[in-house]
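Order of listing sets the numbers, starting from 1, for every ligand and every atom in it.
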Amino acid sequence: MTKTDIKSLPYEELEQWILANGEKKYRAAQLYQWMHQKLAGNPDAMTNIPGSLKIKIRESCVFTVLKQAACQVSAQDGTRKYLFQLADGNMVESVLMRYKHGNSVCISSQVGCRMGCRFCASAIDGLVRNLTPAEMLEQVYRISSDIGERISHVVVMGTGEPLDNYENLLIFLRMLTDEYGLNISQRNVTVSTCGLVPKICALAKEKLQITLALSLHASSQEKRERLMPVAKSCDIQELMDVCRYYFEETGRRITLEYSLIAGENDTKEDAAELAKLIGDLNCHVNLIPVNPVRECNYRQPDRRAVLVFKNLLEKYQKTVTIRKEMGRDIDGACGQLRRSYAEQSASLRAFPERQDSQR
Ligand code: SAH
């Protein structure tokens with residue numbers, strides 16, 4: 001018998017599970033509160049749940065809890081980078097950023113990624129598997145429990161392509177913003193995608209109030225294909241059209257992410273072409289000087305070139321920000337903590353004698 005993934009069940013489905021197991025309906029409310037508000041780390045912590053129900057949960061359910069395997073803390077701004085271990089031994093990375101307006105958590109949506117963007121550390125070893133809704137929620141829950149503070153913002157910008165794990169993502173988004181859960185405002189949630197057009201279209205129809213961030217990174221079809229293999233299966237104009245559609249359906253302004261890479265996409269001509277491509281799309285451009293990844297050769301443009309690019313876009317009446325770098329002292333592009341951990345464990349498997357010397 002396959003076990004029920006109880007923390008991935010939306011409220012109504014939990015209620016059905018409770019009734020199917022001969023329990024009173026109100027137990028669903030109690031259980032949901034323990035899992036999604038009080039963030040119980042194990043069934044035993046749920047003090048008003050009878051022992052018989054706890055036994056049922058232990059026997060027939062998976063009760064997902066992520067194990068903290070590592071945490072790097074920035075001495076500069078309090079950014080915390082977490083490595084979590086999943087029940088099957090896989091690792092995922094999440095980041096806490098502290099802002100004046102609240103605590104923001106960046107979560108992963110998959111173990112690895114199959115999109116293959118050339119500048120991204122998460123893409124190097126391909127996709128291992130999708131994360132369940134519970135595994136996405138748990139990244140937020142464990143971080144909130146660890147710091148003992150409320151999380152007000154969530155960005156799905158860690159490892160993985162969220163729209164490649166669409167069904168689970170939708171359940172996650174609904175549960176994260178559910179008033180019986182953490183009740184995070186949809187307006188404080190951002191989903192970043194490399195641009196899967198049919199999925200953006202489907203998401204628009206859901207009419208959620210979340211922000212859609214599109215990883216554009218290039219101003220023409222040809223340049224985008226060079227940086228992002230996934231671009232080969234979608235036309236850049238179609239991508240702009242679907243962004244327009246998303247805005248029409250949801251009223252939410254789109255964020256366009258543009259990683260500036262020296263000598264690749266950072267010239268004045270690129271800025272002009274980008275402004276033309278964007279046209280009248282209601283959006284905001286977020287410039288991200290590329291984060292160097294050991295395995296790739298891409299470099300950041302110097303600070304002046306970044307400012308020139310920004311000023312040019314502004315001349316074309318575009319709203320532009322340069323992403324503020326958080327946790328510079330614990331830096332490394334997303335996905336690198338997981339990679340360095342995987343490399344270390346692989347070398348320990350190959351050379352077990354190294355274990356002592358590395359401690
Ligand atoms: N798959 C999704 C979300 C994960 S990546 C997406 O493509 O949007 C989150 C963002 O970080 C994306 O904009 C991605 O292109 C960008 N990114 C990945 N590696 C980077 C790097 N080395 N430097 C700068 N940005 C990077």
### Query
Does Cys296 have a non-hydrogen atom less than 4.0 Å from ligand 1?
no
### Query
Which ligand 1 atoms are under 4.0 Å away from a heavy-atom of Cys120?
18 (C), 19 (N)
### Task
Would you mind running through ligand 1 and noting each atom that sits below 4.0 Å from a heavy atom of Val293?
22 (N)
### Message
Quick check: Pro289 and ligand 1, any N/O pair under 3.5 Å apart?
### Response
no
### Task
Please determine, by modelled atom types, if Thr321 and His284 share a side-chain donor-acceptor pair under 3.5 angstrom.
yes
### Message
Looking only at side-chain N and O atoms, does Arg224 offer a donor or acceptor that is under 3.5 Å from a partner on Gln221?
### Response
no
### Query
Do Thr193 and Glu161 get their side chains close enough for a donor-acceptor pair, meaning under 3.5 Å?
yes
### Message
Quick check on Ala213 - does any of its heavy atoms sit under 4.0 Å from an atom of ligand 1?
### Response
no
### Task
Mark the output for Met115 as yes if a heavy-atom distance to ligand 1 is under 4.0 Å, and as no if none is.
no
### Task
Scan side-chain atoms only and decide if Tyr141 and His36 contain a donor-acceptor pair under the 3.5 Å cut-off.
yes
### Message
Whether Glu135 and Arg129 form a salt bridge (side-chain N of Lys/Arg under 4.0 Å from carboxylate O of Asp/Glu) is what I want to check.
### Response
yes
### Query
Backbone, side chain, both or neither: what part of Thr159 comes under 4.0 angstrom of ligand 1, heavy atoms only?
neither
### Side chain proximity check, Thr255 to Leu212, heavy atoms < 4.5 angstrom
no
